[in-house]
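Written out below as structure tokens is the structure these notes cover.
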Amino acid sequence: MPTDLVPAAVGSAPAVRRRAEPDVRTATGARLTAAAARRLADSVPKNSYDARSSRWRSFTQWCAAYGWATDEPNAVVSYLADLADRGHPAKVLESHLGTLRALRAVKEVPLSDAEVKACLAVVRHRAGEEADDPDLEPGPLQADAVDLDELRQMLRTLNRTTVRGTRDAAVLLVDFWMAGRASEPARLNLHDAKITTVKVKDTAGKKVPRRALIIKIRRSKADQHARGQEVRILAREDDQELCPVHALEQWLAVLAADGQLTSGPLLRRIDRHGNIGAKAAGRPTRDARRRGGITADTVNDIIKTAARAAELTPTPTAEEQAAAARARQEAYAAAATAPTAEAANAVLKTWRAGVRAARRAVRRITGHSLRRGWIQAALAAGAPPETVAAHSRHSLRSSAFDAYRNKTIPWSQNPTLLLGLAA
């Protein structure tokens with residue numbers, strides 16, 4: 001009879017199972033298994049983890065410089081006030097408050113209700129200060145939208161007969177038509193994108209076959225529980241240049257020719273020698289299962305490079321980059337030798353205002369520009385907001401979705417025209 005089926009003797013103590021990895025201690029001294037600690041750490045996206053670490057490091061450095069303890073009452077509100085005095089916008093203060101409030105709670109020294117109210121008052125005051133500043137355009141620096149004509153210009157900078165040009169065209173077109181965040185096309189696996197044929201009613205009401213692309217987004221910024229969502233895209237049969245289905249078919253043909261039509265990432269790395277995926281030289285992704293795939297940074301780089309090549313955004317010259325670096329060094333050197341903290345903050349505020357003004361003076365095309373462009377184009381074409389929000393994975397009441405919408409009224413619909421006031 002197998003010994004593992006023999007009941008234990010009455011009164012005997014259960015055996016303690018050993019673990020290969022020792023338990024760890026949290027910041028408060030509580031015990032946690034290594035497996036739990038690893039999953040908790042990995043549950044936070046790398047970008048979010050890096051941003052939180054940077055904010056906490058900035059706070060601790062400020063505390064050390066000005067003689068505060070990180071758990072001291074009113075340390076956070078005083079730090080936020082200094083950020084405001086240095087010219088940081090209200091949105092930056094909000095993000096720092098959110099991080100510091102959460103980390104203080106984790107360390108079991110949460111902010112009191114009075115401290116939270118004081119912090120929010122500082123943020124509101126800074127927002128009002130920005131709105132009243134005649135030399136500063138208020139609000140965060142947001143990515144500019146890329147419309148269909150500009151997308152076409154970006155595509156025409158690519159050599160779509162090459163491996164890299166074929167992949168980059170697929171990245172641009174899939175990302176635009178899925179209204180993607182930069183991380184979403186980068187995370188797709190080969191079997192997450194399915195090219196199929198569907199029946200769609202034409203203008204006469206007759207059902208006709210149309211090629212389509214069905215994309216399965218397993219997880220995204222707005223879907224941390226990984227419930228998944230499908231995005232459905234019809235082919236542009238009348239415009240092959242802008243057709244995501246055609247672009248994806250060309251990329252799949254490249255993978256097939258290289259013997260890489262196998263499981264794994266849909267969009268893959270390419271080195272300067274034209275090697276694809278895991279064959280490509282360079283630093284592999286952190287996740288071994290994504291080895292050979294691109295990252296959100298790659299998507300961002302492809303978008304920015306194509307925008308510069310199409311002359312939609314300027315390319316900084318070496319002299320301009322050197323001047324910007326020199327201005328930064330001079331500002332921080334002047335702040336370091338200022339007689340008081342207030343004088344140092346004033347120096348940094350002046351420098352930061354100049355930087356923001358220079359950045360606002362030119363277009364900003366980033367990884368979010370295609371997402372914003374598709375949303376605005378769909379709304380302008382008359383698509384119902386609820387269907388646009390569903391396609392872009394937004395709540396219709398989301399402030400983020402509202403921020404993407406173009407609030408400018410076309411001149412042809414300007415209300416002053418109806419009153420006979422327009423020139």
Side-chain angles (χ1 to χ4, degrees), residues 144-156 158 160 166 168-181 184-185 188 191-217 220 228-253 266 303 306 310 312 368-398 401-415 417-418:
D144 291 301
V146 168
D147 61 28
L148 278 170
D149 288 338
E150 291 172 332
L151 179 60
R152 193 188 302 276
Q153 294 175 50
M154 292 167 66
L155 288 164
R156 288 179 177 177
L158 306 176
R160 297 176 71 167
T166 301
D168 290 357
V171 169
L172 292 176
L173 287 167
V174 169
D175 189 33
F176 179 84
W177 289 104
M178 70 185 286
R181 302 173 178 90
E184 291 174 345
L188 293 175
H191 56 266
D192 292 332
K194 178 183 178 183
I195 297 174
T196 186
T197 300
V198 297
K199 292 290 185 71
V200 180
K201 287 184 179 180
D202 62 12
T203 54
K206 180 182 178 182
K207 286 191 174 183
V208 296
R210 289 277 300 272
R211 289 195 307 157
L213 174 62
I214 300 176
I215 294 175
K216 177 70 172 180
I217 301 179
S220 67
Q229 184 173 351
E230 278 190 357
V231 177
R232 300 183 174 192
I233 304 167
L234 288 172
R236 296 275 304 220
E237 305 288 6
D238 59 331
D239 194 341
Q240 196 174 75
E241 186 177 28
L242 289 174
C243 180
V245 177
H246 174 70
L248 188 57
E249 285 177 330
Q250 288 190 312
W251 170 241
L252 294 176
L266 173 66
I303 293 171
L312 300 178
H368 255 53
S369 293
L370 302 188
R371 178 172 172 80
R372 180 184 294 275
W374 184 89
I375 292 171
Q376 292 185 0
L379 290 170
E386 57 269 20
T387 62
V388 174
H391 184 91
S392 61
R393 284 85 63 205
H394 277 113
S395 165
L396 190 58
R397 296 183 297 276
S398 165
F401 179 71
D402 187 63
Y404 281 118
R405 300 170 73 168
N406 188 351
K407 306 296 178 57
T408 304
I409 302 172
W411 286 111
S412 60
Q413 300 174 18
N414 193 282
L417 181 66
L418 300 176

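Counting heavy atoms from C-beta on, the side chains of D175 and W374 never come closer than 4.5 Å. Counting heavy atoms from C-beta on, the side chains of V171 and W251 never come closer than 4.5 Å. R236 is listed as a side-chain neighbour of D238, based on a closest heavy-atom distance under 4.5 Å. The shortest side-chain heavy-atom distance between L379 and P385 falls under the 4.5 Å cut-off. With contacts defined as side-chain heavy-atom distances shorter than 4.5 Å, the pair V388/H391 does not qualify. Residues L213 and V231 fail the side-chain proximity criterion, which asks for heavy atoms closer than 4.5 Å. Contact annotation: the side chain of V245 never approaches that of I233 to less than 4.5 Å [non-hydrogen atoms, C-beta and beyond].
Residues meeting the ring-ring contact (aromatic ring centres under 6.0 Å, His included) test with H246, sequence neighbours left out: none. Every residue two or more places apart in sequence or in another chain that forms a side-chain contact (heavy atoms from CB on, under 4.5 Å) with D168 is listed here: L158, R164, I302. For the salt bridge (charged side-chain N to carboxylate O under 4.0 Å, His left out) test, no residue two or more places apart in sequence or in another chain qualifies with D144. With sequence neighbours excluded, no residue satisfies side-chain contact (heavy atoms from CB on, under 4.5 Å) with A253. Every side-chain contact (heavy atoms from CB on, under 4.5 Å) that D192 has, sequence neighbours left out, goes to L188, N189, K216, R218. R152 pairs by the side-chain contact (heavy atoms from CB on, under 4.5 Å) definition with R156, D239, E241, L242, not counting sequence neighbours. The side-chain hydrogen bond (donor to acceptor under 3.5 Å, both in side chains) search around E386 returns none, not counting sequence neighbours. Applying the side-chain hydrogen bond (donor to acceptor under 3.5 Å, both in side chains) test to Q153 and every residue at least two apart in sequence or in another chain returns nothing. Qualifying side-chain hydrogen bond (donor to acceptor under 3.5 Å, both in side chains) partners for R160, counting only residues two or more places apart in sequence or in other chains: none. Applying the side-chain hydrogen bond (donor to acceptor under 3.5 Å, both in side chains) criterion to H394, with sequence neighbours excluded, gives R371, S392.
Without hydrogens or angle criteria, Q250 side chain to A169 main chain gives no donor-acceptor distance under 3.5 Å. With hydrogens and angles ignored, the 3.5 Å screen pairs a side-chain donor or acceptor of E184 with a backbone N or O of R181. Between the side chain of Q376 and the main chain of G373, no donor-acceptor pair closer than 3.5 Å is present.
For L173 against C243, the heavy-atom pair with the smallest separation is CD1-O, 3.7 Å. Across all non-hydrogen atoms, the minimal contact from V146 to F176 is O-CE1, 3.6 Å. When all heavy atoms of A193 and L248 are compared, the pair lying nearest together is CB-CD2, 3.9 Å. A145 approaches E150 most closely through the heavy-atom pair O-OE1, 3.6 Å. When all heavy atoms of R210 and A235 are compared, the pair lying nearest together is NH2-O, 2.9 Å.
How far CG of L151 is from CG of L312: 10.0 Å, rounded to the nearest 0.5 Å.
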- Message: The test is salt bridge (Lys or Arg N to Asp or Glu O under 4.0 Å); show your working for E230 and K194 and say whether it passes.
- Response: CA-CA 11 Å; E230 278 190 357; K194 178 183 178 183; over 6 Å; no

Using atom types as modelled, flag every donor-acceptor pair under 3.5 Å from a side chain in residues 195-208 to any protein atom, sequence neighbours excluded.
| from | atom 1 | to | atom 2 | distance (Å) |
| --- | --- | --- | --- | --- |
| D202 | OD1 | A204 | N | 3.0 |
| D202 | OD1 | G205 | N | 3.0 |
| D202 | OD1 | K206 | N | 2.8 |

